[in-house]
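This report refers to the structure that appears directly beneath it.
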Amino acid sequence: MPRVLVTGSAGQIGTELVPHLRSLYGKDNVVAAIHKASGGPSLRDGPLVTLDTGDSAAIDGAIREFNVDTIYHLAALLSATGENDPQLAWRVNIDGLRNVLEAARKNGVRKLFWPSSIGAFGPDAPRTNAPQNSPLNPTTMYGVTKVAGELLCNYYFVKYGLDVRILRYPGLISNVAPPGGGTTDYAVEIFYAVLQKGSYVCFLREDTVLPMMYMPDALKATVMLMEAEPKKAPRHLGYNLAAISFSAGELAAEIRTHIPGFTVTYSPDQRQKIADSWPMSIDDSEARRDWGWKHDYDLQRMVADMLAKLRPRLTSEGKGV
Ligand SMILES: NC(=O)c1ccc[n+]([C@@H]2O[C@H](COP(=O)([O-])OP(=O)(O)OC[C@H]3O[C@@H](n4cnc5c(N)ncnc54)[C@H](O)[C@@H]3O)[C@@H](O)[C@H]2O)c1
C-alpha cells in the first residue's frame with residue numbers, strides 16, 4: 001500500500017479525495033495535511049497534520065514521521081482569489097510547490113500528484129477542443145503559476161526521476177465541500193441558491209461556456225492516472241482532462257427540468273474576464289488513449305445527482321425551499 005500525504009486536504013477536492021484514498025488504501029495510510037485550523041470532520045478518522053507549505057521543515061517532518069512515499073499536493077490559491085492577491089498566489093502556488101518537490105526529492109518520495117488547470121490556457125489557445133499541445137500563455141497569475149508549476153514538476157522528473165503526474169482539471173462541481181475561490185464556482189453556488197432561495201445571481205454571462213467535471217469523475221481520473229503503469233503515463237507535463245462543457249444558461253435550463261420556476265439573473269463581475277481567457281472545451285484524447293480515461297457524468301446525470309444529494313441535506317438542515 002502507498003503511504004500518502006495530501007496537502008490542502010480541507011479544500012474542495014481534498015475533502016473528498018482524502019476519504020476516497022482512505023477507502024482504497026486504508027485510513028492509516030493516508031495523512032491529511034491541513035492549513036491552520038481548517039478541516040472538516042471527514043478528515044478526522046485518520047492521521048491529520050497541520051502544515052503550511054511555506055514551511056519546508058514541516059513538510060520534511062510530516063514525510064518522515066509518516067513514512068510517506070506518495071504526495072497529492074493540493075494546497076493552492078485558486079484563480080479568482082489569486083487575481084486578488086497575485087503575490088500570495090505565486091508564494092503559495094510556486095514557492096509551496098517547490099518546497100514540496102524538494103522535500104519529496106530529499107526524503108525519497110516516489111510519486112507526486114499535482115493538479116494543473118484549464119487556467120493554464122490563455123486567450124491564444126483554440127477556444128474549442130483546445131489540444132494537448134496548445135500554446136500556454138495565460139493572462140492570470142493563477143495560470144502563470146500552473147504553467148510554471150507544470151514545467152517545475154517536469155524538471156523534477158527529468159533531473160531527479162521523481163514520478164510526478166499532472167492533470168489539467170476543468171472546473172469541478174461537488175455536493176460535499178464548497179469551492180475555494182475559482183471562476184467556475186457559480187456552477188456549485190447555483191444549486192444551493194436555487195434550493196435555498198429559489199433564485200440566483202450568476203457572476204458570469206449566460207452564454208459563458210467552460211469545461212466542467214463532476215467530482216466523482218475527478219476522483220476517478222486522479223486515481224487512474226496515479227495507478228497507471230509508468231509506460232501508460234509517459235507525460236509529466238499536464239494531461240488535458242475533460243468531461244462536459246456547458247454555458248451558465250444551459251446549466252440553469254437543465255436544473256429547471258427538475259425545479260421549474262426559479263429565476264437566474266446574470267451580473268458578470270471581474271471573473272468574466274478570467275472565464276473569457278479560457279477555452280470552452282478541451283481535447284483530452286491523449287489521456288483517453290494513454291491510460292484509458294473515460295468520464296461517467298454528462299450534464300443531465302450530474303444535475304440529477306447534485307439535486308438528489310443536496311435536496312435532502314438542505315431540507316433536513318431546515319435550509320431548503
Ligand atoms: N476545484 C476546482 O475546480 C479546480 C479546478 C482546476 C484545478 N484545481 C486545482 O486543484 C487544487 C486543489 O483545489 P481545491 O479546489 O481543492 O482548492 P481549495 O481552495 O478548495 O483548497 C485549497 C486548500 O489549500 C490550503 N492552503 C492554502 N494555502 C496554504 C498553505 N500556504 N499551506 C498549506 N495549505 C494551504 C487551503 O487552506 C485550502 O484548504 C489546486 O491546485 C487547484 O488549482 C481545482
Side-chain angles (χ1 to χ4, degrees), residues 5-18 20 32-40 42-43 48-59 62 71-85 87-100 103 112-121 138 140-150 152-153 166-174 176-189 210-215 217-219 221-222 238-244 271 274-275 278-279 282:
L5 175 70
V6 183
T7 71
S9 282
Q12 189 196 20
I13 299 173
T15 299
E16 293 195 62
L17 184 64
V18 168
H20 187 61
I34 59 171
H35 189 215
K36 299 181 181 155
S38 56
S42 69
L43 304 176
L48 188 73
V49 293
T50 302
L51 68 79
D52 187 322
T53 52
D55 180 351
S56 300
I59 307 167
I71 298 177
Y72 291 72
H73 175 43
L74 306 180
L77 253 56
L78 299 202
S79 56
T81 317
E83 265 333 82
N84 291 337
D85 192 342
Q87 301 307 315
L88 183 63
W90 180 270
R91 275 206 302 283
V92 175
N93 295 9
I94 291 297
D95 295 344
L97 173 62
R98 183 206 51 212
N99 292 342
V100 169
L112 189 140
F113 175 80
W114 184 71
S116 183
S117 159
I118 52 167
F121 297 100
T140 61
M141 179 54 93
Y142 179 69
V144 169
T145 66
K146 289 305 185 190
V147 176
E150 287 194 22
L152 190 59
C153 287
I166 304 176
L167 289 174
R168 291 180 186 148
Y169 286 136
L172 300 181
I173 298 167
S174 158
V176 179
T183 304
T184 53
D185 292 10
Y186 89 85
V188 178
E189 289 173 5
L210 288 170
M212 299 281 190
M213 178 176 284
Y214 198 30
M215 190 63 85
D217 273 335
L219 301 180
T222 305
Y239 271 102
N240 279 6
L241 185 73
I244 26 179
R271 286 168 281 192
I274 301 177
W278 292 350
I282 302 289

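Counting convention: from 1, in listed order, for ligands and their atoms alike. Below, all heavy atoms of this structure are taken into account, side chains as well, without hydrogens, waters or symmetry copies.
- Contact annotation: for Trp114 versus ligand 1, there are no heavy atoms closer than 4.0 Å.
- Compare Gln12, Lys36, Glu16, Met215 by their heavy atoms: the one nearest to atom 1 (N) of ligand 1 is in Gln12.
- Note that the CG atom of Leu43 and the OG1 atom of Thr15 stand 5.5 Å from one another [nearest 0.5 Å].
- For the atom pair CG of Leu74 and OG1 of Thr222, the computed distance is 8.5 Å after rounding to the nearest 0.5 Å.
- Nearest heavy-atom pair across Ala243 and Met213 is CB-CE, 3.8 Å.
- Short contacts between ligand 1 and Ser116, defined as distances under 4.0 Å to a heavy atom of the residue, involve ligand atoms 6 (C), 7 (C).
- In terms of N/O distances under 3.5 Å, ligand 1 is approached by Thr53.
- Here the shortest heavy-atom distance to atom 6 (C) of ligand 1, taken over Tyr169, Tyr72, Phe113, belongs to Tyr169.
- The shortest N/O to N/O separation between Ser117 and ligand 1 does not fall below 3.5 Å.
- Residues that satisfy the side chain to side chain donor-acceptor pair (under 3.5 Å) test with Glu83, not counting sequence neighbours, are absent from this structure.
- Here is the list of ligand 1 atoms found below 4.0 Å of a heavy atom in Leu51: 32 (N), 33 (C).
- With rounding to the nearest 0.5 Å, the separation of OH in Tyr186 from CZ in Arg271 is 12.0 Å.
- At a heavy-atom cutoff of 4.0 Å, ligand 1 is contacted by no atom of Asn93, backbone or side chain.
- The option with the heavy atom closest to atom 25 (C) of ligand 1, from among Gly8, Gly82, Gly149, is Gly8.
- Counting atoms of ligand 1 from 1 in the listed order, those under 4.0 Å from a heavy atom of Gly11 are 16 (O), 18 (P), 20 (O), 21 (O), 39 (O).
- In the vicinity of Lys146, heavy-atom distances shorter than 4.0 Å reach the ligand 1 atoms 40 (C), 41 (O), 42 (C), 43 (O).
- Expressed to the nearest 0.5 Å, how far CG of Leu210 lies from OG1 of Thr183 amounts to 8.0 Å.
- Between Ile13 and Met215, the closest side-chain pair of non-hydrogen atoms falls below 4.5 Å.
- Any N or O atom pair closer than 3.5 Å counts here, and Leu172 shares at least one such pair with ligand 1.
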Less than 3.5 Å apart, which donor and acceptor atoms pair up between the side chains of residues 91-98 and the rest of the protein, not counting sequence neighbours?
unit_1 : atom_1 : unit_2 : atom_2 : d
Asn93  : OD1    : Leu77  : N      : 2.8
Asn93  : ND2    : Leu77  : O      : 3.1
Asn93  : ND2    : Thr145 : OG1    : 3.1

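- Counting heavy atoms under 4.0 Å from ligand 1, residue Pro179 does not touch it at all.
- When only interatomic distances are considered, the shortest N/O to N/O separation between Ile13 and ligand 1 falls below 3.5 Å.
- Nearest heavy atom pair, residue Ala120 against residue Pro138, reads O-CD, 3.4 Å.
- Val18 is not listed as a side-chain neighbour of Tyr72, based on a closest heavy-atom distance of 4.5 Å or more.
- Listed by number with element, the atoms of ligand 1 under 4.0 angstrom from any heavy atom of Pro170 are 3 (O), 5 (C), 6 (C).
- Short contacts between ligand 1 and Val92, defined as distances under 4.0 Å to a heavy atom of the residue, involve ligand atoms 28 (N).
- Judged by the shortest distance from any of its heavy atoms, Gly182 lies outside the 4.0 Å radius around the atoms of ligand 1.
- Here Asn84 contributes atom CG and Leu78 contributes atom CG; the two are 11.5 Å apart, rounded to the nearest 0.5 Å.
- Applying the 4.0 Å criterion to heavy atoms of Ala76 picks out, from ligand 1, the atoms 22 (C), 24 (O), 27 (C), 40 (C), 41 (O).
- Atoms of ligand 1 found under 4.0 Å from any heavy atom of Gly180, numbered from 1 in the order shown, are 19 (O), 20 (O).
- The CG atom of Leu51 lies 9.0 Å from the OG atom of Ser9; values are rounded to the nearest 0.5 Å.
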